[in-house]
Amino acid sequence: MSLRSFMEKVEKRGNLFTISKLVDPYLEMAKVINVLNGKVVLFDNVKGSSYWVISGICSKRDYFALDLGIERSELLFTLARALEKPIEPELVGEAPCQEVIEEEVDLSKLPILKHVEGDGGPYVTAGVVIIKDPDYGRNMCFHRLMKLDSRRFAARIVEGRGTHTALRKVEGELEVAICIGNSIPVLLAAAMSPPKGVDELAIANALRPTPLVKCITKDLEVPADSEIVLEGRITKQKAKEGPFIDLMEKWDIIREQPIIEIDLITHRHNPIYHALLPGRSEHKLLMGLPREPTIYAEVSKVCDCKDVLITPGGMNWLHAVVQIFKKHPDDGRRAIQAAFKGHASLKHVVVVDEDVDIYNPLDVEWAIATRFQAERDLVLLKRQPSSSLDPSALHVQGKKSLTSKMGLDATIPWRTLEGKLRTEEEREGFKKVKYGEVSLEEYL
Ligand SMILES: Cc1cc2nc3c(=O)[nH]c(=O)nc-3n(C[C@H](O)[C@H](O)[C@H](O)COP(=O)(O)O)c2cc1C
């Protein structure tokens, strides 16, 4: 399973948008990708680089489903299964990602995009960083990488993530492999935060076979089908990283971040570089979609969870809708608490019954309008740990940000405001009345 096999599938369906006009990665390509937001776009004539550039491969739920060979509605359950039952990947001796070995490192050969004038520099945005934690083993995580010069990047390494905790444990430098141009299973798994010690590459392998190969200069394994692998070290030196457009479509601040130095580049013949536009659909979906199975897993522990959606209006990060099959008067409230456990950055959640279409915001709002009473159905949690990305949260330098969280139980209320239990017939009265079906042809 590779990026190329996905591209073939998209092309066969006539959905691959190829641009053969010369396009500059410096301040031009990002504008074109932005206009084509939601489409898979391939640039095969890139100014200053022999690499091709692909973008948008994760910008729609349909693309994930297409790659995994499933229906869109099965995505949540497929990811939940892989998260629950990872499968150790096979190790191979030879791999496409090592077809070409470049000992002379020159990052300027890569078509690293500078997105907008105010960016701190050109940024690698779809680089999957693989490291080994001395206690927990292999970890895979996205880190945006700001190019400093022909060998070095400043990497944004968020506190508490797998890479950060491993880095704190080692005295010297930490070996890394940065994989660019990955399969969709690898991208999905890299965006997940399974419990410590669970190998994200085994999750990718459970989604689709993902053979690995040993790096040439580092004691690390990488997906054999990656397009490009940068072997290097996270050094103890730091540099200014940023500004950069974040998930909320605003400027993220400048921080002192670790420097990564590259020692060797390997790649496939005719390598394809993946450029992911910050703050747009591909970035958002890749952040949010892998949190749906973790919410689902937690809610399933307390009631019958049917579906979960992290909604686009909440930047695919802060808001979710959870659908349950209610069997107990308190299931809605229990689901709210569990959802917050399943995704620590979640700020607002709405819980609905199985008759509400969670993919239709109007239907969810209808449930809130007709089933919800704030004095009974609102769960308000004050001063909770917050996503660092929410500008309205309380941010204090060096401390975890704090936020209020809100859960709306918009399921059919089994109790009246006075606390009296409603009969099943009374509860049925909350459902929409349906008109019968007709065939219009009979009337026109
Ligand atoms: C497109 C994308 C970009 C990301 N960029 C960063 C980043 O720059 N730094 C970071 O620490 N995490 C970033 N993340 C989040 C981590 O990849 C994600 O939370 C991961 O699950 C953490 O895994 P870990 O806790 O096992 O290390 C990004 C995620 C996505 C999907």
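Position 1 is the first residue of the sequence; numbering continues from there. Whatever order the structure lists them in is the order used to number ligands and atoms, beginning at 1. What you see below is based on every heavy atom in this structure, not just the backbone, and it leaves out hydrogens, waters and symmetry mates.
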**Q** List ligand 1 atoms under 4.0 Å from Arg144, heavy atoms only on the residue side.
**A** 7 (C), 8 (O)

**Q** Should Arg4 and Glu227 count as an ion pair when the cut-off is N to O under 4.0 Å?
**A** yes

**Q** Which of parallel (below 30°), tilted (30 to 60°) and perpendicular (above 60°) describes Tyr63 and Phe6?
**A** perpendicular

**Q** Knowing that exactly one of Val176, Leu220, Asn139 qualifies, which makes a side-chain contact (heavy atoms from CB on, under 4.5 Å) with Lys132?
**A** Leu220

**Q** Suppose we measure from atom 9 (N) of ligand 1 to each protein heavy atom; which comes out shortest, and what is that distance?
**A** Arg156 O, 2.8 Å

**Q** Can you check whether His143 and Phe153 have ring centres sitting under 6.0 Å from each other?
**A** no

**Q** Within ligand 1, which atoms have a heavy atom of Arg291 less than 4.0 Å away?
**A** 18 (C), 19 (O), 21 (O)

**Q** Which ligand 1 atoms, with their elements, are less than 4.0 angstrom from a heavy-atom of Leu286?
**A** 31 (C)

**Q** Between Gln323 and Val352 (side chain of the first, backbone of the second, donor and acceptor by atom type, cut-off under 3.5 Å), is there such a pair?
**A** no

**Q** Which residue in the set Leu83, Thr78, Leu79 passes side-chain contact (heavy atoms from CB on, under 4.5 Å) when paired with Arg81?
**A** Thr78

**Q** Give the residue, atom name and distance (to 0.1 Å) of the protein heavy atom nearest atom 15 (C) of ligand 1.
**A** Arg161 NH1, 3.4 Å

**Q** Give the residue and atom name of whichever protein heavy atom lies nearest to atom 14 (N) of ligand 1, and the separation in Å to one decimal.
**A** Phe142 O, 3.7 Å

**Q** In terms of atom number and element, which parts of ligand 1 are under 4.0 angstrom from non-hydrogen atoms of Ala190?
**A** 17 (O), 20 (C), 21 (O)

**Q** Can you tell me which residue and heavy atom of the protein come closest to atom 26 (O) of ligand 1, and the distance to 0.1 Å?
**A** Glu200 OE2, 2.7 Å

**Q** Aromatic rings Phe77 and Tyr296: how do their planes relate, parallel, tilted or perpendicular, breaks at 30° and 60°?
**A** perpendicular

**Q** Take Glu102 and Lys109, measure what salt bridge (Lys or Arg N to Asp or Glu O under 4.0 Å) needs, and give me the verdict at the end.
**A** CA-CA 11 Å; Glu102 292 194 13; Lys109 287 187 186 168; 3.4 Å; yes

**Q** May I ask you to identify the nearest protein heavy atom to atom 25 (O) of ligand 1, giving residue, atom name and distance to one decimal place in Å?
**A** Ser193 OG, 3.1 Å

**Q** Checking a contact table here: which protein heavy atom is nearest atom 16 (C) of ligand 1, and how many Å away?
**A** Cys141 SG, 3.6 Å

**Q** Write out the residue and atom name of the closest protein heavy atom to atom 11 (O) of ligand 1, then the distance separating them to 0.1 Å.
**A** Val158 N, 2.9 Å

**Q** Going by side chain to side chain donor-acceptor pair (under 3.5 Å), name the residues that satisfy it together with Arg144, two or more places apart in sequence or in a different chain.
**A** Glu241, Asp252

**Q** Among Met146, Glu241, Lys196, His143, which one puts a heavy atom closest to atom 10 (C) of ligand 1?
**A** His143

**Q** Inspect the surroundings of NZ in Lys39 and state if more than 12 heavy atoms from other residues, nucleotides or ligands are less than 6.0 Å away.
**A** no

**Q** For atom 21 (O) of ligand 1, find the nearest protein heavy atom and state the residue, atom name and distance (0.1 Å precision).
**A** Met192 O, 2.6 Å

**Q** I'd like to check which ligand 1 atoms, numbered from 1 as shown, lie under 4.0 Å from a non-hydrogen atom of Gly162.
**A** 24 (P), 25 (O), 27 (O)

**Q** Would you mind listing which atoms of ligand 1 come within a distance below 4.0 Å of any non-hydrogen atom of His283?
**A** 1 (C), 2 (C)

